[in-house]
Amino acid sequence: MRRLVVGITGATGAIYAVRMLQVLRDVPDVESHLVISASGVLNIQHELDIGRHEVQALADQVHSVRAVGATLASGAFETAGMVIVPCSMRTLAAVAHGLSDNLITRAADVTLKERRRLVMMVRETPFNLAHLRNMTAVTEMGGIVFPPLPAFYHRPKSIDEMVDHTVARVLDLFGIKVPGPTWEGT
């Protein structure tokens with residue numbers, strides 16, 4: 001059983017997080033471990049009109065963002081890695097500077113120190129210099145900055161198709177294969 005940590009922060013794009021958790025439910029050999037920040041809960045309610053408990057029900061394990069002593073805070077707890085979806089600029093900055101002040105940032109720090117895959121789906125536009133420098137720092141540490149930009153080569157007919165494509169691409173970075181449109185070439 002592979003474990004994937006999913007952190008949800010207060011950036012816009014809660015739809016990506018919820019869809020990722022829904023997709024992971026259908027992957028039998030992956031166990032999802034969810035941590036949601038307070039701002040993440042607010043965004044989920046605002047953008048999707050659903051509550052914390054509905055999102056938590058999609059995960060295999062749920063951890064409190066305040067539980068910095070949880071299993072996720074230890075390198076001995078083996079995972080396939082972590083995805084922060086969506087990732088606020090505050091969380092990006094905390095990870096870039098090693099500030100492990102909650103379970104999301106601590107789990108990200110552990111993921112990096114153990115040389116596991118960390119994917120940060122940053123959401124902000126336009127980027128300022130601090131954002132770009134923080135993205136560079138995380139990349140230099142081995143993390144992957146993956147803004148959830150929609151692709152149009154597969155001619156999506158809905159927002160759901162765009163979201164599914166992005167979720168499939170992110171999960172593919174962890175070796176988790178799920179159905180979704182792919183580039184067929186010319």
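Keep in mind that this is a model prediction, so the values were computed, not measured.
Between the side chain of Thr9 and the backbone N or O of Ser88, at least one donor-acceptor pair lies under 3.5 Å. A donor-acceptor pair under 3.5 Å is absent between the side-chain atoms of Glu124 and the main chain of Met89, judged by distance alone. Between the Arg117 side chain and the Leu173 main chain, a donor and an acceptor come within less than 3.5 Å of each other. Under a 3.5 Å cut-off, the side chain of Asn43 and the backbone N or O of Gly10 do form a donor-acceptor pair. Between the side chain of Gln22 and the main chain of Leu58, no donor-acceptor pair closer than 3.5 Å is present.
For the pair Leu34 and Val55, the minimum side-chain heavy-atom distance is below 4.5 Å. With contacts defined as side-chain heavy-atom distances shorter than 4.5 Å, the pair His165/Pro150 does not qualify. For the pair Thr105/Thr91, a side-chain contact is recorded, criterion being any heavy-atom separation below 4.5 Å from C-beta on. Side-chain contact between Phe77 and Glu114: absent, with no pair of heavy atoms (C-beta onward) separated by less than 4.5 Å. Annotation: side chain of Val68 is not in contact with side chain of Ser100 (no heavy-atom distance under 4.5 Å). With contacts defined as side-chain heavy-atom distances shorter than 4.5 Å, the pair Val122/Asn134 does not qualify. Counting only heavy atoms from C-beta outward, the side chains of Val27 and Asp29 approach each other to under 4.5 Å. Contact check for Leu48 versus Glu54: no side-chain heavy atoms found under the 4.5 Å cut-off.
Tracing side-chain contacts under 4.5 Å through hydrophobic residues (I, L, V, M, F, W, Y), one never reaches Leu42 starting from Ile8; they form parts of separate clusters. Hydrophobic clustering of Ile, Leu, Val, Met, Phe, Trp and Tyr side chains at less than 4.5 Å, counting indirect connections, keeps Val110 apart from Leu4. Follow the hydrophobic side-chain contacts under 4.5 Å out from Val145 and you reach Leu118 in the same cluster. In terms of hydrophobic clustering, with Ile, Leu, Val, Met, Phe, Trp and Tyr side chains grouped at heavy-atom distances under 4.5 Å, Leu92 and Val6 are assigned to different clusters. At a threshold of 4.5 Å between side-chain heavy atoms, the hydrophobic network of Ile, Leu, Val, Met, Phe, Trp and Tyr places Val85 and Ile36 in one connected group.
Residue Glu47 comes nearest to Ala11 through the heavy atom pair OE2-O, 4.5 Å, listed as atom of the first residue, atom of the second, then distance. When all heavy atoms of Lys157 and Glu161 are compared, the closest pair comes out as N-OE1, 2.8 Å. Pairing each heavy atom of Ala168 with each of Pro179, the nearest pair is CB-O, 4.2 Å. Ala137 approaches Ala96 most closely through the heavy-atom pair CB-CB, 4.0 Å. The two atoms that bring Arg25 and Ala57 nearest to each other are NH1-O, 3.6 Å, heavy atoms only. Minimum heavy-atom separation, Val65 to Val35: CA-CG1, 3.6 Å.
Taking OH from Tyr16 and CG from Leu21, the interatomic distance works out to 15.0 Å, rounded to the nearest 0.5 Å. Note that CZ of Arg19 and OG1 of Thr166 are 12.0 Å apart. Values are rounded to the nearest 0.5 Å. Expressed to the nearest 0.5 Å, how far CD1 of Ile144 lies from CZ of Phe174 amounts to 7.0 Å. Between the CE atom of Met135 and the CE atom of Met120 there is a distance of 10.0 Å, given to the nearest 0.5 Å. Remark: Ile104 CD1 to Asp109 CG distance equals 14.0 Å, nearest 0.5 Å. Put simply, CE on Met141 and OG1 on Thr136 are 10.5 Å apart, with the number rounded to the nearest 0.5 Å.
Within a 6.0 Å radius of CZ in Arg116, more than 12 heavy atoms belonging to other residues, nucleotides or ligands are found.
When each of Ile176, Leu171, Val170, Val18 is paired with Val23, the side chain to side chain contact (heavy atoms under 4.5 Å, CB included) condition holds for Leu171 and for no other.
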- [ ] Kindly determine whether Val83 and Met121 satisfy side-chain contact (heavy atoms from CB on, under 4.5 Å), including the steps that lead there.
- [x] CA-CA 7 Å; Val83 59; Met121 295 178 68; 4.1 Å; yes
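For Arg169 and Phe146, the positive end is not near the middle of the six-membered ring at less than 6.0 Å and at most 45° from its axis.
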